[in-house]
Amino acid sequence: MRQSPSLPLLTAHPPPSYTDPPPECTDPCPDPCTARPPLPPPSPPLTKSTSAPPTPSLAPLLTPLELGRRELYLQLPPTATFGLSQRTSSLSRSYADFATLNLSGHPDPSLLASQLRTVDSAVLTLPLLSSVLTASLLQFLVGFSTALPNPLQPLAFPGHGELGWALATALFCLGAPLGAKLIEPRSARTGMRASLRLTFLGFFLPGLLLTLSPTVSLFALARFLTGVSAGASTVLVPLYLGEISPPSIRGTLGTVTQFACVLGILLTSLLAYPFASPGQPPERWRLLPLATPLLALLGLLLSPSLRESPRWLLSRDPSSRAARRSLNALRGFRHPADTEVEVAHILSSPPAQSCVTAASLLRDPGTRGGFVTCLLLQAAQQLCGINAVFFYSALILAPVLPDPRAGSVLICAVNVAATWLALVLMDRVGRRPLVLASAAGMLLSSLALALSMSSSPLPESWSLPAIVAFVSFFEIGLGPVPWLIVAEMFKPEHVTVAMSSCCQLNWICNFCVGLAFPALHQLLGPLSFLPFSLVLLLTLAYSYFYLPETAGAIRPSASVVAGRSTMGSDQWKRSGTSLSEMDAPGESAWTSAVRDIVREEERKRESGGYDYGFVVGKGQDNVDNKSRSNNSVVWLDVRGGGD
């Protein structure tokens, strides 16, 4: 990104200086354009950067805006996480404002700040958009496959046993942890693009088996295999989207994946009307699971539009030309200097995969409390009974509605609307209040459902509104927040490990609910949601006393900025203390550091001791000023020979 010559330069490596006197010319008619002295030997670089020390591959020099962008790479998690869009947008605006400090020489600093803030808002290139939409189709398939057994239960395989159908429903959740575990080493070895194609194939072949299964046993096997692909998708897609996108839009892309999942659930309930109606031809229900291989085939056909992850390519070869071509296509870069700056940012960011294990997170006192809380919230997310609704809403609503399909469509539509509401409330209200409100609302809704289905003292007509309220309260708190706080409570290099462990536990608890609910419903009848009420009561109590507020907590790699020790939100705070209250440099520390540097440069200018940064940096090529102008900043030659 080019900067105006009037921009104050805060560079990691300054340009060359011509301090030695020129040698005597022996040519009687020297050419004034070529009679320049050679560059002196390089001197050690000045360490004035307010970011982490640059990597050796950082050829272009860092301007204030680029330093701010680098902090986004260092502070934000490497995955596309639902709920982080407001935070990333706030950080992007702040760092763009920092870049316009002391721009008195610019004709309109406010206009320049506005232009800098829109740098990343204009990077939605066609290759990036096609990659995002194609990868998000996997999350759509996850949602569709999750709710698939619900409309098929009364029609598929007449005479099937209740236990057999419960097993077919729940085996989807048992295969998911296996898929999540297997895809991590596979993606590290073969790359993201190949792994995404393999996952589409993993939906296509079991989807055909779902459609053509002659028995409920083969249907259950197909559900297990589909679950393997679903587990791989939940790990692979957020990581892939995080690696191909600028950090400033990762939160937005996390929103895309979440909406893709809930829209997939909604599509299942809508397709039940033409393909899962009572009185239809006996085998017509098979057209509903046929949507799984058709959508997977569409993904395979679109897979050539997927761009390989630049981060994965650079992890194998920092000088990879393929990585740079991928970056140019995804970001829309037109200048090699811009590409090299982005490469340096990626290489300086923490790796998505690290040697940290779940056991080490539990052993470390600084991470133990946060890790345990994340695991407990993941367990509560499933043991609260939300997927009992999506797996068995037809079974639950059959006694109270003449057509349970209408109730299922309403529940799924409200699920989509509540997901949007959660996005609006996430940063305005905070994580902890949302979890408390969600758990309390779900607790009251489950009690109302139990009382209405038993027809005493509430009327039976209250059952559907109670379920709708149950789903709505889930989506504003216990649905998104357990995933979001994992990204906010750990350092970026720990996020992947913590997220993987949470994902495994989440699917296992989901399997338990899917397998056990039919038995609970048969045993307790209208009171089958009372065990979930107990889980919600415990969740409410734990969240009230131990859950911290993580909204606004910033992971500062810029301990160099404020000269303070890095204090991440791995540290544990009890009784709801905000993590942003810890001794961690956030936006205010960054602002203060940049202003201190500007003041220091002003004092040196006034005293005449400012060297304008023109010192040769170690390892820099001895190139002339003309080639310097090809970088992302404009250099001036103090001897009058500059651009």
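Here Arg286 pairs with Glu283 under the salt bridge (charged side-chain N to carboxylate O under 4.0 Å, His left out) rule; sequence neighbours left out. Annotation: salt bridge (charged side-chain N to carboxylate O under 4.0 Å, His left out) contacts of Arg307 (sequence neighbours excluded): none.
Considering every non-hydrogen atom in both Pro480 and Phe474, the closest pair reads CD-O, 4.1 Å. Minimum heavy-atom separation, Leu478 to Gln381: O-NE2, 3.0 Å. Listed here is the closest heavy atom pair of Leu271 and Ala291: CD1-CB, 4.4 Å. Residues Glu162 and Pro518 approach most closely at OE2-O, 3.6 Å, considering heavy atoms. Residues Trp312 and Glu243 come closest through the heavy atom pair N-OE1, 4.1 Å. Phe200 approaches Thr134 most closely through the heavy-atom pair CZ-O, 3.3 Å.
Side-chain contact between Leu210 and Leu148: present, with at least one pair of heavy atoms (C-beta onward) separated by less than 4.5 Å. Within the 4.5 Å cutoff, the side chain of Leu205 has heavy atoms near those of the Leu201 side chain. Contact of the Phe259 side chain with the Gln139 side chain is not registered, since no non-hydrogen atoms from C-beta on lie closer than 4.5 Å. Taking 4.5 Å as the limit, some side-chain heavy atom of Leu128 sits within range of a side-chain heavy atom of Val132. Residues Cys384 and Thr539 have side chains not in contact (no heavy-atom distance under 4.5 Å, counting atoms from C-beta outward). Residues Cys503 and Trp483 have side chains in contact (heavy-atom distance under 4.5 Å, counting atoms from C-beta outward). A 4.5 Å side-chain heavy-atom check between Leu443 and Phe470 finds every atom pair outside the cut-off. Between Ser277 and Arg405, some side-chain heavy-atom pair lies under the 4.5 Å cut-off.
The cationic group of Arg284 does not satisfy the cation-pi geometry with Phe275, failing either the under 6.0 Å distance to the six-membered ring centre or the 45° limit from the ring axis.
Note that CZ of Phe204 is 4.5 Å distant from CG of Leu208, once rounded to the nearest 0.5 Å. Expressed to the nearest 0.5 Å, how far OG1 of Thr226 lies from CG of Leu209 amounts to 8.0 Å. One distance of note links CG of Leu306 with OG of Ser195; it measures 11.0 Å at 0.5 Å rounding. Here the straight-line distance linking atom CD of Gln378 with atom CG of Leu505 works out to 7.0 Å at 0.5 Å rounding. Atoms CG and CG, on Leu221 and Leu167 in that order, are 11.0 Å from each other to the nearest 0.5 Å. Going from atom OG of Ser446 over to atom CG of Leu537 covers 9.5 Å, rounded to the nearest 0.5 Å.
Among Arg431, Arg432, Met489, the one residue that satisfies the side chain to side chain contact (heavy atoms under 4.5 Å, CB included) test with Pro548 is Met489. When each of Phe529, Trp165, Phe517 is checked for a ring pair (Phe, Tyr, Trp, His ring centres under 6.0 Å) with Tyr392, only Phe517 meets the rule.
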Residues 412-426, side-chain donor-acceptor partners within the protein, below 3.5 Å, at least two apart:
unit_1: Thr419; atom_1: OG1; unit_2: Asn415; atom_2: O; d: 2.8
unit_1: Thr419; atom_1: OG1; unit_2: Glu475; atom_2: OE1; d: 3.4

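Residues Tyr240 and Ser187 have side chains that never bring a donor and an acceptor to within less than 3.5 angstrom of each other.
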Between Phe219 and Phe157, does the ring pair (Phe, Tyr, Trp, His ring centres under 6.0 Å) criterion hold? Intermediate values first, please. CA-CA 10 Å; Phe219 186 85; Phe157 309 109; 5.7 Å; yes
Mind running side-chain contact (heavy atoms from CB on, under 4.5 Å) on Ile265 and Thr268 for me, showing each step along the way? CA-CA 5 Å; Ile265 296 174; Thr268 307; 5.6 Å; no
